[in-house]
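Working notes for the structure below.
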Amino acid sequence: MKERLSIVIVGCGNVSEKRHAPLCDSSPYVDLYGFYNRTQEKAEKFAQKYGGKVYGTLEEVLTDENVDAILVATSEGSHWEISVKGLEAGKHVLCEKPMASSPEQCRRMIEAEKSSGKKLMINHNQRLYAPHIKAKELVQSGAIGKVLFFRTEYGFRGHETDAEGNVNQGHYDRINHVHGVLSQVGSHRIDLMTYILEDEVEEVFLAANTLAKTMSDGAPIPYEDQAVMNVRYKGGVVGTVEVSWLDFSDNARKTVIYGTDGTIETYAGQYGVVLHKRSGERVYYDTGRIPGHYEPPLTKIVDIFAKCVLEDTKPMCTSREGLHCLEVINAAYRSLETKTWTKVGEK
């Protein structure tokens, strides 16, 4: 069995700078082989820091026999085409979330995965956050009885500045951004709750707005910067997903799950998880230091992907799970247009 997986990062933006490149560089299972970006200067900066090859075109990456896998970290509108080309070229693919811009694009990726026999894993890394792992464990152990409903939030200040305060005003002008905060941020929470509950969403109702974010010329962005989505699962659980690019607290990431015998609260002050029992007893779980969005420790998503390939095991987040997330998002946007509850999976 091969000991290390040679990976090329495709897309050298902020998420690759803060997360993917450091994770690849530090992984004992990965050889960070090179970089490709539409603007080559960005790839060159990564290579100067980490070493590795700079590719002038995607085709050069895909025809390089030394490359085992690509990490797709471009805008979501190009995920599907790059992933399909990678799979068809015989490369394994770790694809950023959301998997694509539409369920149809997801299905094309799944077809390429099946025909190529290569691995396709979706980077829904919030499954790996310690508070979420504990919450899932408590739910599945029956600690709060039958789950009835939940509310989950995820928000931050947006992309005008990065975590260090550097101005990034042109972010919203980038090509291939098809949808707004529900897709780019809400996909995290849609996948997370499906993962915790081990159930799929049946129908949704979305309310969303463009309240404050603008393009570099001052015009409102052409998609939502705030959204509240009501969901109903096949098993009967209902919930609310609230996301925005309008939060300056740097801690809008709480999830509360209500059951017949108790309540689970994540990111509850200094504790990762608090279990509120029906009896009135409270159980506090210290899940370790709770970092900011890009602060260490980072989740070991790259390690998990590489081991999945090297050991030929099932991906942590499969393409089918990525497709379900996109089907929920697609139904939500249709709900926004019709102002009605909308079934997931219906065209």
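As a basis for the values below, the full set of heavy atoms in this structure was taken, side chains included, without hydrogen atoms, waters or symmetry mates.
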Go through the structure and list residues passing side-chain hydrogen bond (donor to acceptor under 3.5 Å, both in side chains) with [X], not counting sequence neighbours.
X    : answer
E242 : none
S187 : none
E111 : none
H20  : E96

*Full working for side-chain contact (heavy atoms from CB on, under 4.5 Å) between S16 and F46*: CA-CA 9 Å; S16 290; F46 276 64; 3.9 Å; yes
Residue list, side chain to side chain contact (heavy atoms under 4.5 Å, CB included) with [X], at least two apart or on another chain:
X    : result
I221 : Y172, T210, K213, M215, Y223, D225, W245
N37  : C12, T39, K42, A43
F149 : V238, Y258
N125 : R19, N123, Y129, H188, T299, I301

*Salt-bridge criterion met for K119 and D312 (N-O under 4.0 Å)*: yes
*For T152 and R189, run side chain to side chain donor-acceptor pair (under 3.5 Å): C-alpha distance rounded to whole Å, both residues' side-chain angles, the deciding distance at 0.1 Å, then the answer.*
CA-CA 7 Å; T152 185; R189 288 317 211 213; 3.0 Å; yes
Closest contact, heavy atoms only, [X] versus [Y]:
X    : Y    : value
M229 : A332 : SD-CB, 3.7 Å
A69  : L5   : CB-CD2, 3.9 Å
L182 : A227 : CB-CB, 4.3 Å
G186 : V243 : CA-CG1, 3.7 Å
H79  : P98  : ND1-O, 2.7 Å
A100 : C106 : CB-SG, 3.9 Å

*Please say whether the positively charged group of K136, taken as NZ for Lys or CZ for Arg, lies over the ring of Y195, i.e. under 6.0 angstrom from the six-membered ring centre and within 45 degrees of the axis.*
yes
*With a cut-off of under 6.0 Å to the ring centre and 45° to the axis, is R4 in cation-pi contact with Y29?*
no
Is [Y] close to [X] at the side-chain level, that is, under 4.5 Å between some pair of heavy atoms?
X    : Y    : answer
E224 : L211 : no
V93  : K118 : no
E202 : K343 : yes
K85  : E81  : yes
T255 : R151 : no
Y50  : F35  : yes
L128 : I304 : yes
V147 : V139 : yes

*Kindly determine whether C308 and H92 satisfy side-chain contact (heavy atoms from CB on, under 4.5 Å), including the steps that lead there.*
CA-CA 10 Å; C308 157; H92 303 279; over 6 Å; no
Please tell me whether [X] and [Y] have a donor and an acceptor in their side chains that are separated by less than 3.5 angstrom.
X    : Y    : value
D68  : Y33  : no
S249 : D247 : yes
R253 : Q126 : no
T318 : E321 : yes

*Apply side-chain contact (heavy atoms from CB on, under 4.5 Å) to L138 and V273, showing your working.*
CA-CA 10 Å; L138 292 171; V273 177; 3.9 Å; yes
_Ring geometry between H132 and Y267 (parallel below 30°, tilted from 30 to 60°, perpendicular above 60°)_ = perpendicular
*For side-chain contact (heavy atoms from CB on, under 4.5 Å), just list the numbers for T74 and V72, CA-CA rounded to whole Å, side-chain angles, deciding distance to a tenth of an Å, and then say yes or no.*
CA-CA 6 Å; T74 56; V72 181; 3.8 Å; yes
*Residues in salt bridge (Lys or Arg N to Asp or Glu O under 4.0 Å) with E44, at least two apart?*
none
For the [atom1] atom of [X] and the [atom2] atom of [Y], what is their distance to the nearest 0.5 Å?
X    : Y    : atom1 : atom2 : result
L120 : M109 : CG    : CE    : 5.0 Å
Y36  : D64  : OH    : CG    : 15.0 Å
K91  : I82  : NZ    : CD1   : 15.0 Å
S78  : L58  : OG    : CG    : 9.5 Å
S83  : Q105 : OG    : CD    : 10.5 Å
S319 : I122 : OG    : CD1   : 6.5 Å

For a side-chain contact (heavy atoms from CB on, under 4.5 Å) with [X], tell me which candidate from [options] qualifies.
X    : options          : answer
V201 : T194, V237, V241 : T194
L23  : L71, V302, D303  : V302
E327 : L323, N330, I329 : L323

*With a cut-off of 6.0 Å (strictly less than), are more than 12 heavy atoms of other residues, nucleotides or ligands near NZ of K134?*
yes
*Should we count CZ of R282 as having more than 12 external heavy atoms under 6.0 Å?*
no
*Passing option when D191 is tested against R320, R127, K97 for salt bridge (charged side-chain N to carboxylate O under 4.0 Å, His left out)*: R127
*Sorted by first residue and then second, give each side chain to side chain donor-acceptor pair (under 3.5 Å) pair with at least one member in residues 226-236; sequence neighbours left out.*
E200-K234, E203-R232, N209-Q226, N230-T240
_Fellow cluster residues of Y271, listed by chain then number, with links counted only when side-chain atoms sit under 4.5 Å apart_ = V274, Y284
*salt bridge (Lys or Arg N to Asp or Glu O under 4.0 Å): pairs with one or both residues in residues 268-278, sequence neighbours excluded*: D261-R278, K277-E281
